[in-house]
Amino acid sequence: MPVSVLFRSFRKKIILICLVNVMTLRVYNTLTKKKEAFIPLEEGKVGMYCCGITAYDVCHIGHARSAIVFDVIFRYLRYRGYNVVYVKNFTDVDDKIIGKANAEGTNIAAIADRYIREHNDDMDALGLARPTVTPRATENIKGMIRMIDRLIEEGFAYVVDGDVFYSVDAFRGYGKLAGRSLDDMMAGARIEVDVKKKNPFDFVLWKGSKEGEPWWDSPWGRGRPGWHIECSVMSQRYLGETFDIHGGGEDLIFPHHENEIAQAEGASGKLFARYWIHNGFVKVNSEKMSKSLGNFFTIKEVLAQYHPEVLRLFILQSHYKSVIDFSDAALREARSGMERFYGTLATIEETLARNTAYKDISEKDIFGIHEEYLKKISLLPERFVEAMDDDFNTARAIGYIFDTVRILNSYMADKTFLPEAEPLFVLNAAKGYLREVGKVLGLFLDDPAAYFERDRDRETGKRALDREEIEQLIERRSEARRMKDWKKADRLRDELKEKGIVLKDSPDGTTWTVE
RNA sequence: GGCGGCAUAGCCAAGUGGCCAAGGCAGCGGUCUGCAAAACCGUUAUUCCCCGGUUCGAAUCCGGGUGCCGCCUCCA
């Protein structure tokens, strides 16, 4: 190998080592289209804003993906020691909400309240950490009017018959997030021409109210805010004019986030969000999930069928930016993975519950084979951080957890393994590591025994199986086994198998799951 | 029409210049078990959509092609 080549690869290695030593979090930024080191504005603090829902309908799994992705980002940033202020808004005034209110003969607040409540129930069921602040648009009208006023003053907006529009031509950076120029967009634009607008891409900041619509007083007459202005105002109110992270689904990049930038930067003259993070879509049978196609699943529907962590595992096993294909087969696969995790956790719990001797010893008492296993297992947190620091690579992180689970199972399956103080200490430590990383991903938070019990309930419910009948058949089989009547026992097991019941015999008795 | 993404085993999926291409699900062989299940051990891609190029070296970079998908309109 020539010396120059050696030197070149050597230099790369040095750079690599430096990076590893610094241990910086790297994040893909939609604004720069690059993976960059994440350095918050203020050391130790992170301000993060995510666009929440428009409260006019129940949430579907697309909302679940976005919510789970940013929940994990929120948790991970806190795990890395940042003090995070996480703001997620509610849009509670909008054409669709007005439409629904009129159809039901009620007001928009009633509709918004209902769907915000539904949303919160769903998010709780998914095990999401509540954001720090959850502002509602209607609570921030004054701030919106102030920002619109300022945009008019600065020449970024104009008034036409009680409506206020943003003039995209006035903002030189328009299109920087979406990565296209106005000219590009014009080329194939199928945009509705509005005679009031100077440029078809101009968007409404303030909409004059029509008969029967909710309104607020403003310098331009009675009306209501446009959608985009809400997020610019609510994010800056809680996070300042410039803040760290702005997130949302990739479909929001244009026009919503582009417009947020135009408004906020037009008004403040300062950079708005520093890092833009966007999650990928959920498809169903390789088609985009959408209401018009009728191929969407609500969060409630999915959670009636699967444990929330099964959905979480399915989502986190792919990178947040990639497109994922939702299907029952995919969820069943995730369920098998969850069974592996909880199976190991259950074995650990049972082994620990039988003996508490590990409490009397410490790490320095661990030698030999136990020390070797402890070392391997204790690598998990640093490997986890390595993966997560690389643009929140949850898929790789989960791979490391599976590795650890295999090591643990192999340790426990080892013939030399006895539930004595040393191995129990190791198991307890392992449990701690799994819980530590699990807490960040929102996984393994259930009690293992409870997990399997809930799973049996759900699965028997799905197949309309009679639990009592199953338990009776199992009891009869156990009786036959005690009598060593293997033929009868196996016949009963086959009978259960036909119903989809899989048995597992252990010295403590027989447990079962639905396949 | 403009802009962008993706293509890695039977399926899902990580990997963006160099140790035998993570991990999961499914399969197969073995250990354990009365037999199973679970678990463990072994095994399953000489190769990363195709063609060409750069390089000592490419799944990874460049050019061309094919296929799938998304955005440009409310949308997580």
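Numbered from 1 within each chain, the chains take letters A, B, ... in sequence-line order.
Looking at residues two or more places apart in sequence or on another chain, you find a ring-ring contact (aromatic ring centres under 6.0 Å, His included) between His60(A) and His63(A). Here Tyr86(A) pairs with Phe74(A) under the ring-ring contact (aromatic ring centres under 6.0 Å, His included) rule; sequence neighbours left out. Annotation: salt bridge (charged side-chain N to carboxylate O under 4.0 Å, His left out) contacts of Arg224(A) (sequence neighbours excluded): Asp95(A), Glu213(A).
Residue order along RNA chain B, read from the 5' end via each residue's closest nucleotide, puts Phe402(A) first among Lys283(A) and Phe402(A). Looking at which nucleotide of RNA chain B each of Lys35(A) and Ser66(A) is closest to, the 5′-most match is held by Lys35(A).
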Extract from the structure each pairing of a protein N or O with an N or O of nucleotides 37-42 of chain B at less than 3.5 Å, listing the distance.
| residue | atom | partner | partner atom | Å |
| --- | --- | --- | --- | --- |
| rA39(B) | O3' | Asn409(A) | ND2 | 3.1 |
| rC40(B) | OP1 | Arg340(A) | NH2 | 3.1 |
| rC40(B) | OP1 | Asn409(A) | ND2 | 3.3 |
| rC40(B) | OP2 | Arg340(A) | NH1 | 3.3 |

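Residue Lys497(A) is out of contact with every strand shown, counting any heavy-atom pair closer than 4.0 Å. Contact annotation for Asp403(A): backbone-only contact, meaning every heavy-atom pair under 4.0 Å involves sugar-phosphate atoms and none involves a base. Counting non-hydrogen atoms under 4.0 angstrom, Gly62(A) reaches a base of the nucleic acid.
Salt bridge annotation for Asp485(A)-Arg491(A): absent, with no cationic side-chain nitrogen under 4.0 angstrom from a carboxylate oxygen. Between Lys35(A) and Asp391(A) there is no salt bridge, since none of the side-chain N atoms of the basic residue sits less than 4.0 Å from a carboxylate O of the acidic one. Ion pairing of Glu515(A) with Arg332(A) is absent here, as no side-chain N (NZ or NE/NH1/NH2) approaches a carboxylate O to less than 4.0 Å.
For the pair Lys288(A) and Phe281(A), the cation-pi criterion (under 6.0 Å, within 45° of the ring axis) is fulfilled.
Counting only residues at least two apart or on different chains, no salt bridge (Lys or Arg N to Asp or Glu O under 4.0 Å) pair has a member in residues 245-261 of chain A.
Between Glu250(A) atom CD and rG70(B) atom P there is a gap of 10 Å when expressed in whole angstrom units. Following rounding to the nearest Å, Met338(A) (CE) and rG23(B) (P) show an atom-to-atom distance of 19 Å. Rounded to whole Å, the distance from CG on Leu128(A) to P on rA76(B) is 16 Å.
Not less than 6.0 angstrom separates the ring centroid of Tyr56(A) from the ring centroid of Tyr115(A).
Comparing rC35(B), rG2(B), rG23(B) by their closest approach to the side chain of Arg180(A) singles out rG2(B).
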Report task. Starting at the 5' end of nucleotides 5-11 of chain B, put B wherever the base has a protein heavy atom under 4.0 Å, S where only the sugar-phosphate does, and a dash everywhere else. Result -> ------B
